[in-house]
Amino acid sequence: MSNKFNTYFASLSGKHITVIGLGVSNRPLVRMLLESGCFVTGCDKTPREKLDAEVLELEQLGCILKTGDDYLENISADLVFRTPGMHPNNPALCALRQQGVKITSEMDVFFELCPCKKIAVTGSDGKTTTTTLISELLKVAGKKVWLGGNIGMPLLPLCGQMKEDDIAVVELSSFQLMDMTHSPEIAVITNIAPNHLDVHKDMEEYVEAKKTVFRFQKETDRLVVNADNEITSALRNCGTTRTFSRLGAGDVCLRDGVILRDGQPVLHTADILIPGVHNIENYMAAILAVEGLVEEDVILQVARNFGGVEHRIELVRIKDGVRYYNDSIASSPSRTIAGLRSFPEKVILIAGGYDKKIPYDVLGPEICKHVKKLFLGGATGPLIRAAVEACPEEKPEIIDCGNFEAAVRAAVAAATEGDVVLMSPASAAFDQFKNFAVRGAFFKKIIKEL
């Protein structure tokens with residue numbers, strides 16, 4: 001095990017540690033803290049009667065649970081671990097800082113203790129596919145890869161097993177980045193567009209959070225950015241900044257169906273198995289991220305075999321000549337636009353969900369261009385309808401269904417042979433589901449039972 005890892009947790013022995021949020025990433029953390037001899041309090045807004053067995057097991061191991069509406073009241077601790085879903089400027093956290101309590105997070109401690117090279121990906125769209133692509137490229141090249149962060153498993157509990165020659169590939173959300181004090185050796189920003197403005201106080205705060213991914217880089221480190229995106233095109237780090245562009249000039253660019261790096265051909269887009277121009281951009285970002293670590297034959301091998309990530313324009317089933325696609329990850333207009341542009345024909349679209357207080361005006365023209373029937377549900381249904389109706393172009397048939405399941409079943413009933421039914425909500429899932437993955441699984445269950 002890493003000496004740094006052991007030393008850190010040994011230094012916490014006997015201290016009072018509060019862990020806010022008892023979700024997937026923090027549960028292994030609580031176990032490690034208890035095993036290290038810490039006095040641990042776990043705080044979670046979920047009422048006690050709704051806690052699952054794994055959380056109650058933490059209590060049996062010695063963790064004191066504070067749950068329900070008053071879970072943040074009267075907190076005292078030597079150190080607090082913040083859940084990514086809580087804003088760093090939450091009044092309870094601000095009060096603790098004023099008392100001199102240090103606030104950290106599972107991810108920031110991982111970056112501090114990780115003994116190997118770290119590649120981190122953030123952005124408004126394409127994070128998960130790009131992160132997974134980077135991981136696949138490195139694995140095929142024979143590297144030992146640890147994949148996690150906002151995707152997959154928590155990495156801090158595994159940190160002690162990592163070797164110096166390994167590579168950690170990490171997806172980071174804006175919430176994880178907001179108060180981080182470390183940056184990776186290689187940072188990737190796929191793009192930045194309005195998102196999560198229900199949590200961030202404004203767009204400026206959201207952009208600043210994303211910039212943290214390279215804020216603490218050294219002169220020997222690398223930043224990869226999208227030259228086609230108005231915000232990311234202007235970003236530079238203190239070391240090497242590499243750009244990719246599908247539309248114009250970049251260190252990696254697209255010309256006549258060929259991805260070029262520094263003017264030399266690397267990959268024909270026809271060899272990329274997963275559909276959509278946005279995935280060409282994801283490959284461009286990944287190619288720059290693994291520069292110097294992966295040979296070009298590996299890039300071709302992965303492109304021809306990588307079938308994509310679940311819930312991202314995932315073909316669920318072909319039934320009676322109708323193709324059903326699960327794009328539940330599309331929790332913003334820009335993601336749904338990318339999904340719509342992936343198909344040559346007009347589709348039947350299922351959209352709507354939780355309102356993140358982001359604008360939908362950009363979605364209207366794309367729906368008019370790419371959709372023949374639109375089935376809406378959730379709080380953003382009226383917003384999406386308004387965006388479509390504001391367009392001068394010919395509009396698709398719009399059906400308001402009230403909720404997600406009704407919209408899915410109505411779209412199924414309307415589909416005929418040759419149709420594409422795309423569930424791409426342009427909205428978060430929190431109005432009816434725990435997250436986008438649960439929503440996607442529910443959609444797949446309905447379609448597979450047809």
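None of the values given here were measured: they were computed from a predicted structure.
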So that I can tick it off, tell me whether [Y] and [X] are bridged by a salt bridge, with the cut-off set at under 4.0 angstrom between side-chain N and carboxylate O.
X	Y	answer
E57	R31	yes
K127	D125	no
K117	E185	no

- Task: Please list, chain by chain and in numerical order, all residues satisfying side chain to side chain donor-acceptor pair (under 3.5 Å) with K211, sequence neighbours excluded.
- Result: E208
- Message: Going by the rule side chain to side chain donor-acceptor pair (under 3.5 Å), which residues pair with E291 if we only count those two or more places apart in sequence or in a different chain?
- Response: R242
Quick one: do the [X] and [Y] side chains pair a donor with an acceptor below 3.5 Å?
X	Y	answer
S124	Y206	yes
T380	D355	no
T7	N3	no
N279	N282	yes
T181	D108	yes
D44	T67	no
N326	H311	yes
T128	E171	yes

- Query: Does L72 reach the side chain of N90, with side-chain heavy atoms less than 4.5 Å apart?
  - Reply: yes
- Task: Kindly say whether the aromatic ring centers of H182 and F216 come within a distance under 6.0 Å.
- Result: no
- Message: If you apply the rule ring-ring contact (aromatic ring centres under 6.0 Å, His included), what do you find for F343 with Y325, and how did you get there?
- Response: CA-CA 11 Å; F343 298 94; Y325 287 87; 4.8 Å; yes
